[in-house]
Amino acid sequence: MRKSLLFIPANLPSMVQNYEVFDADAVIFDLEDSIVNQEKDAARDLLESWLTSDEPTRGEVILRINPIQSPFFQEDLKLLKLPKITTLMIPKVNQELLMKTISAVREYANHHQIQKTFSFIPIVETAKGVLDMEAMAKTPHVTALLLGAEDLVSDMNILRSKDGKELLFVRSKMALVAHAYNIDAIDTPYLNIHDEEGLIRETRMARDLGMTGKACIHPNDISAIAQIFFPTQQEIDEADRIVRACESVDPEVGVMTFDGKMIDITIYHRAKKLLSQIKHVRRDLYETGL
Amino acid sequence: MKQVYKQFQGVKKPDPKDRTIRPETKTEKREKLLESLEAVFDRIPITDGMTLSFHHHFQNNDTLINAVAEVIQKRDIKNLTLAATAIHAVHAPLVPLLENNNIVKIHATYINGPVGIAISKGKLQDFVTMTSHGRRQQAVECGDLSIDVAFLAVPFADIYGNGNGIEGKHPCGVLAYAISDMMYAKHKIVVTDTLVEHVKFKEIEAEYIDYVVKIDTLSTSEDVLPKRIKLSSNPIDRQIGKNTFRVIDALDLIKPDMACQVRAGGIPLIALNYLKNALVRRNIQAKFVAGGTTYIHKEMLEKGLVKTLYDVQTFDMEALESYKTHGDHYGLNASLYANPYDEHAIAHQLDFVVLGAVEVDLSYNVNLTTDKDGIIIGGSGGHQDTAFGANVTIIAAPLFHARMPLIKDRLHTTTTPGETIDIIVTERGIAVNPLRKDIIETLSRRGIEVSTIHHLHRVASRLTGIPVDHAHEGKIVGIMEYRDGSVLDTIHAKEEE
């Protein structure tokens with residue numbers, strides 16, 4: 001489950017050396033926007049020296065490479081050989097560019113005898129990307145979509161607001177598409193690292209719209225995100241009681257009453273889904289929200 | 001001060017029957033108000049070879065030690081012993097007094113700043129005795145540390161010598177570390193900057209006080225305490241705080257009537273904040289939280305998450321307000337807090353304690369006294385006492401600072417013996433003392449990965465390399481006492497390279 005994803009600029013040794021310390025479900029090593037052009041080689045070198053071991057890591061390791069149309073793309077592909085890199089995040093992409101990128105990655109991997117299957121996370125950060133969301137979501141090996149809000153508002157020549165009304169449609173569409181194709185819908189990072197209230201407000205809104213996780217740029221944001229995307233104890237307890245109640249009779253039987261409310265097979269399945277989702281999440285990740 | 005030293009023979013529980021308590025020293029003096037510190041020196045009189053004591057509730061804002069030092073220097077009084085519960089950077093003016101043999105011995109629980117550097121450079125003629133809070137109280141009551149004159153900085157005092165730490169121009173909070181000195185020193189001086197006719201709430205009691213002096217200010221800054229102590233926002237600190245909370249939780253230490261102490265700063269305080277939130281969610285009330293207090297302690301008391309706070313040092317104004325107004329926020333006499341011979345001392349009733357460390361060796365011995373170069377930068381405070389008294393002692397610290405690793409083959413100074421340390425929590429793993437098989441078993445059963453300290457040592461070494469040890473062992477400049485009065489370690493001079 002990718003609930004919290006931490007961006008780490010790949011040229012900062014102080015951050016890279018701590019990548020396994022934090023509780024994020026995934027870390028995203030960034031070679032793109034957070035790295036100035038003259039630092040791109042240093043960032044690749046640093047990752048190459050840190051990610052050599054094939055010991056299992058606590059969370060998923062994702063690499064945000066430069067777009068296929070950039071002069072850095074080919075050099076970035078040299079990191080595909082690192083054993084820990086199995087997921088690539090593709091920026092500024094639409095369906096056509098995504099297909100080209102996937103094809104280039106496969107070609108490079110084949111040519112260099114890199115024997116692993118990569119999964120892909122397109123970043124929806126252009127108007128064309130928004131229109132192509134569904135096509136990208138159903139592309140094989142795409143496992144999530146990430147909303148890149150800053151570039152998207154820039155592409156559309158609009159400003160970001162506190163309540164996020166300008167992104168309401170995009171978030172809703174992304175959540176819908178992701179659920180339809182059973183992939184993750186990851187919300188854009190909240191950039192004001194000193195505004196915990198704002199982070200909580202935006203994360204709750206994303207969750208309420210159906211997004212399944214949120215990226216962040218500061219490790220201190222992980223707890224709040226994990227906590228918001230984790231069901232409350234009350235929700236867990238209720239789901240548990242619903243499942244027990246339904247399974248004590250025949251759940252397929254139709255409608256029954258529970259705590260004075262009518263529940264049907266859909267509610268039973270939803271409760272089961274919630275319990276199965278949390279089964280693999282350490283409860284203490286939720287418990288340690290500040 | 002006692003002259004015969006016994007060597008540390010391992011951690012033993014002191015027998016209360018062996019406790020020696022001197023008679024308290026009281027006075028029947030009626031006219032106590034003196035016009036200046038100079039007048040105190042004349043009246044007592046203060047002469048060569050005496051022992052003068054101070055408490056550290058003003059921390060790095062204290063003016064009193066320097067004011068007294070100025071009189072000593074002016075009169076060129078020699079061979080004094082300075083028995084300050086703690087010495088901070090603000091006390092830099094003491095250094096010339098060390099160099100001039102005005103002060104030849106020091107007795108303290110914590111030393112930081114230029115005085116620590118001067119001692120480490122061999123500028124103290126005799127040596128420094130570093131103790132825990134509990135040992136100091138006991139040394140005063142039994143006479144191992146015999147104080148001639150106790151200078152008590154009291155923020156709010158009356159002309160009879162009654163006083164407290166919560167009112168006046170410069171409130172500093174509870175006066176826990178002043179109480180034994182007040183009870184047992186030969187002469188006791190209340191020094192205040194807010195003198196009134198009567199004091200209602202009395203921590204310092206007139207019957208013990210010989211003289212009262214008003215000075216301009218007890219504090220170098222307008223506020224002795226911050227409004228609210230700052231919780232570290234460093235993500236590594238937060239992660240270690242979180243990991244610490246997980247260990248506490250996995251050991252089932254979060255339960256009704258639990259009793260704990262958590263160092264009132266840095267990473268441990270982050271762990272306390274997580275603990276507070278867990279108590280809210282689980283609707284649990286702790287029996288007591290002891291030690292230094294902060295706004296987090298205040299919130300816990302206000303929300304009914306803890307029945308009682310036992311305060312020995314107030315770290316922010318919100319905690320001070322709580323001490324002032326809340327009936328269940330008690331100021332403790334530091335002897336009741338941690339006297340080694342008091343079976344019922346609060347430090348001996350702890351289910352768990354969370355502490356810090358500068359260095360830890362492979363036998364879990366902890367150093368908080370000297371830095372990587374062997375310079376004195378701290379001390380035990382209550383570390384030894386609570387590590388001994390708590391059922392579970394947790395050290396929460398980063399595996400390395402810059403490139404200096406937490407875990408070392410050998411310590412410059414042992415402050416707290418490893419047999420009283422149970423768990424080391426870092427951002428990169430948790431090590432449990434092999435003496436605590438019960439803890440290893442429980443944590444493993446609860447899915448918490450337990451490493452060995454050797455493994456953490458290897459992880460740190462892989463990341464930082466092994467830094468060259470720059471400490472040079474010159475002459476002995478100090479001793480680190482254990483709480484039973486034995487010599488746990490010696491502190492050596494840092495010779496100029």
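All heavy atoms count here, side chains included; hydrogens, waters and symmetry mates do not. Just so we're on the same page: letters track the sequence lines, and every chain starts at 1.
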Straight-line distance of A/F22 CZ to B/R238 CZ, nearest 0.5 Å:
11.5 Å

Is it the case that atom CZ in A/R244 sees more than 12 heavy atoms from other parts of the structure closer than 6.0 Å?
no

Under a 4.5 Å heavy-atom cut-off, does chain A meet the side chain of B/S233, its backbone, both or neither?
both

Taking all non-hydrogen atoms of both residues into account, name the closest pair between B/F400 and A/Q17 and its distance.
CE1-NE2, 3.8 Å

Just checking B/H326: does its NE2 atom have more than 12 heavy atoms from other residues, nucleotides or ligands closer to it than 6.0 angstrom?
yes

Counting only non-hydrogen atoms closer than 4.5 Å, does B/I240 touch chain A with its backbone (N, CA, C, O), its side chain (CB onward), both, or neither?
neither

For residues 27-53 of chain A, which residue pairs pass the ring pair (Phe, Tyr, Trp, His ring centres under 6.0 Å) check, not counting sequence neighbours?
A/Y19-A/F29

List, one per line, each side-chain donor-acceptor pair under 3.5 Å for residues 256-266 of chain B, sequence neighbours excluded.
from: B/D257; atom 1: OD1; to: B/K307; atom 2: NZ; distance (Å): 3.0
from: B/Q261; atom 1: OE1; to: B/Y337; atom 2: OH; distance (Å): 3.2
from: B/Q261; atom 1: NE2; to: B/Y337; atom 2: OH; distance (Å): 2.9

With a 4.5 angstrom heavy-atom cut-off, which part of B/Q239 approaches chain A: side chain, backbone, both or neither?
side chain

Does A/N37 CG have over 12 foreign heavy atoms under 6.0 Å away?
yes

Test salt bridge (charged side-chain N to carboxylate O under 4.0 Å, His left out) on B/R246 and A/D23; report intermediate values, then the result.
CA-CA 12 Å; B/R246 286 173 183 153; A/D23 287 331; 2.6 Å; yes

